[in-house]
Amino acid sequence: MATDRKRLILDAATKSFTLFGYKATTMEQVAKLANVGKGTIYNFFTNKEELFKEIVHSLILDMKEAAEEVISCERSFYENVHAALYRILEYRMKHQFTIKLLQEEKEIGTPAVAEMASEIEKAIVSYIKHQVEKAIEKGEITSCDPEITAFIMLKMYVAMIFDWEQNHQPLNKEEIAKLFELYIFKGLSK
């Protein structure tokens, strides 16, 4: 029963944050959407920030699962990283909660939202870092700083998928894969 109520509150809060953003969401709205008393929310969460963090942590787990779904031991490190990054960013683009989160961070700069957006980025970098470490151990790639490499991979991917599209024709998945391979794995030197 308590688990059901907690799930109901989390779903209502996700809906409220998605519709109104973090800053405009109140515990009263969440209670109304969940059809529970405001006091019931406080049985599970001490404040709005704690509720928000739980939703973001769940989102991070969902993104990791989405990435894991496309990892295959039959493919190369490069192919797996490309597939995982593409899936994670595709997940972020389709998930209305994250779209609202990123929009609020960019337009308003709400500190709690900026902190959670940073946490999402750290989780993605950590995931890629782990993949880089495994590839180094297997001898698939040159020894390097796994965290810096993961950070560069993520930022390059974000730039090709989001930033490039602001002033150019969007790149398709195959074009992104070729560019990623060229710049990260092959390099420009002959």
Side-chain angles (χ1 to χ4, degrees), residues 10 14 18 50 52-106 109 111-190:
L10 287 167
T14 301
T18 301
E50 186 179 303
F52 186 61
K53 283 181 181 182
E54 175 126 356
I55 293 166
V56 170
H57 289 179
S58 177
L59 172 76
I60 289 169
L61 291 174
D62 290 347
M63 287 189 333
K64 284 181 181 178
E65 285 177 21
E68 285 295 318
E69 288 173 1
V70 296
I71 299 291
S72 168
C73 58
E74 284 93 45
R75 292 193 306 215
S76 70
F77 166 73
Y78 153 72
E79 291 168 320
N80 278 328
V81 166
H82 167 65
L85 276 170
Y86 196 84
R87 176 62 69 89
I88 289 168
L89 295 177
E90 186 178 61
Y91 181 89
R92 283 176 58 186
M93 283 292 288
K94 290 182 180 174
H95 199 283
Q96 291 297 315
F97 173 78
T98 28
I99 292 169
K100 187 67 171 184
L101 179 82
L102 296 171
Q103 181 184 22
E104 183 171 337
E105 179 197 19
K106 185 177 179 182
V113 173
E115 182 183 326
M116 288 301 107
S118 174
E119 202 166 315
I120 291 170
E121 182 176 295
K122 285 177 189 172
I124 295 170
V125 168
S126 175
Y127 179 82
I128 300 166
K129 176 185 171 187
H130 180 68
Q131 300 303 318
V132 169
E133 288 168 342
K134 287 190 330 190
I136 291 169
E137 286 174 21
K138 290 180 180 177
E140 290 183 87
I141 62 172
T142 305
S143 183
C144 59
D145 183 309
E147 188 167 7
I148 292 172
T149 303
F151 178 81
I152 290 168
M153 287 177 165
L154 174 61
K155 292 300 182 175
M156 182 177 172
Y157 231 85
V158 168
M160 286 191 289
I161 291 176
F162 300 113
D163 300 338
W164 177 260
E165 290 181 12
Q166 290 179 3
N167 296 310
H168 302 87
Q169 184 71 22
L171 299 168
N172 65 42
K173 189 175 181 178
E174 291 75 27
E175 290 172 317
I176 292 168
K178 285 179 187 174
L179 291 169
F180 195 71
E181 181 180 23
L182 172 67
Y183 294 125
I184 298 291
F185 293 99
K186 291 183 179 176
L188 297 174
S189 299
K190 286 190 176 198

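Heavy-atom basis, side chains included; hydrogens, waters and symmetry copies ignored.
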Inset, instruction - Can you see which heavy atom on Ala112 is nearest to which on Phe52, and at what distance? - result: O-CE2, 3.8 Å
Inset, instruction - For residues Gln96 and Thr18, report the shortest heavy-atom separation together with the two atoms involved. - result: CB-CG2, 3.5 Å
Inset, instruction - Check whether any side-chain heavy atom of Lys134 sits under 4.5 Å from a side-chain heavy atom of Phe77, and report yes or no. - result: no
Inset, instruction - Quick one: closest heavy-atom pair of Trp164 and Gln169, and the distance? - result: NE1-O, 3.1 Å
Legend entry - Side-chain heavy atoms of Leu188 within contact of Leu182, under 4.5 Å: yes
Legend entry - Atom pair CG/CZ of Leu102 and Phe97 - distance to nearest 0.5 Å: 9.5 Å
Legend entry - Residue pair Lys64 / Ala123: nearest heavy atoms and the distance that separates them: CE-O, 4.3 Å
Inset, instruction - Please assess Val81 against Phe180 for the test side-chain contact (heavy atoms from CB on, under 4.5 Å), listing each intermediate value before the final yes or no. - result: CA-CA 10 Å; Val81 166; Phe180 195 71; 3.9 Å; yes
Legend entry - Distance (rounded to the nearest 0.5 Å) between Glu140 CD and Phe185 CZ: 9.0 Å
Legend entry - Salt bridge Lys53-Glu119, side-chain N to carboxylate O under 4.0 Å: no
Inset, instruction - Would you indicate whether the side-chain heavy atoms of His82 and Ile176 approach each other to under 4.5 Å? - result: yes
Inset, instruction - Measure the spacing between NZ of Lys129 and OG1 of Thr149 and express it to the nearest 0.5 Å. - result: 11.0 Å
Inset, instruction - Check whether any side-chain heavy atom of Phe151 sits under 4.5 Å from a side-chain heavy atom of Glu121, and report yes or no. - result: yes
Inset, instruction - Report the distance from atom CE of Met116 to atom NZ of Lys122, rounding to the nearest 0.5 Å. - result: 9.0 Å
Legend entry - Nearest heavy atoms of Ser143 and Ile136, plus distance in Å: CA-CG2, 4.2 Å
Inset, instruction - Check the pair Val70, Arg75 against side-chain contact (heavy atoms from CB on, under 4.5 Å), reporting the backbone distance first and the verdict last. - result: CA-CA 10 Å; Val70 296; Arg75 292 193 306 215; 4.2 Å; yes
Legend entry - Residues, nucleotides or ligands: over 12 heavy atoms within 6.0 Å of Glu133 CD: yes
Inset, instruction - Answer yes or no: is there a side-chain heavy-atom contact under 4.5 Å between Leu10 and Ser58? - result: no
Inset, instruction - Go through the steps to decide whether Tyr127 and Glu68 satisfy the test side-chain hydrogen bond (donor to acceptor under 3.5 Å, both in side chains), and finish with yes or no. - result: CA-CA 10 Å; Tyr127 179 82; Glu68 285 295 318; 2.7 Å; yes
Inset, instruction - Determine whether Gln131 and Asn80 make a side-chain contact, defined as any pair of heavy atoms from C-beta on separated by less than 4.5 Å. - result: no
Legend entry - Side-chain heavy-atom pair Ile141, Tyr78 within 4.5 angstrom cut-off: no
Legend entry - Rounded distance [0.5 Å steps], OG in Ser118 versus CD in Glu105: 8.5 Å
Legend entry - Test item: Phe162 and Leu89 side chains (from C-beta on) under 4.5 Å apart, heavy atoms: yes
Inset, instruction - Looking only at non-hydrogen atoms, find the nearest pair between Met153 and Ile184 and report the distance. - result: CE-CG2, 3.7 Å
Legend entry - Ile55 side, atom CD1; Leu59 side, atom CG - distance, nearest 0.5 Å: 10.0 Å
Legend entry - Working for side-chain contact (heavy atoms from CB on, under 4.5 Å), residues Ile120 and Leu101: CA-CA 11 Å; Ile120 291 170; Leu101 179 82; 3.6 Å; yes
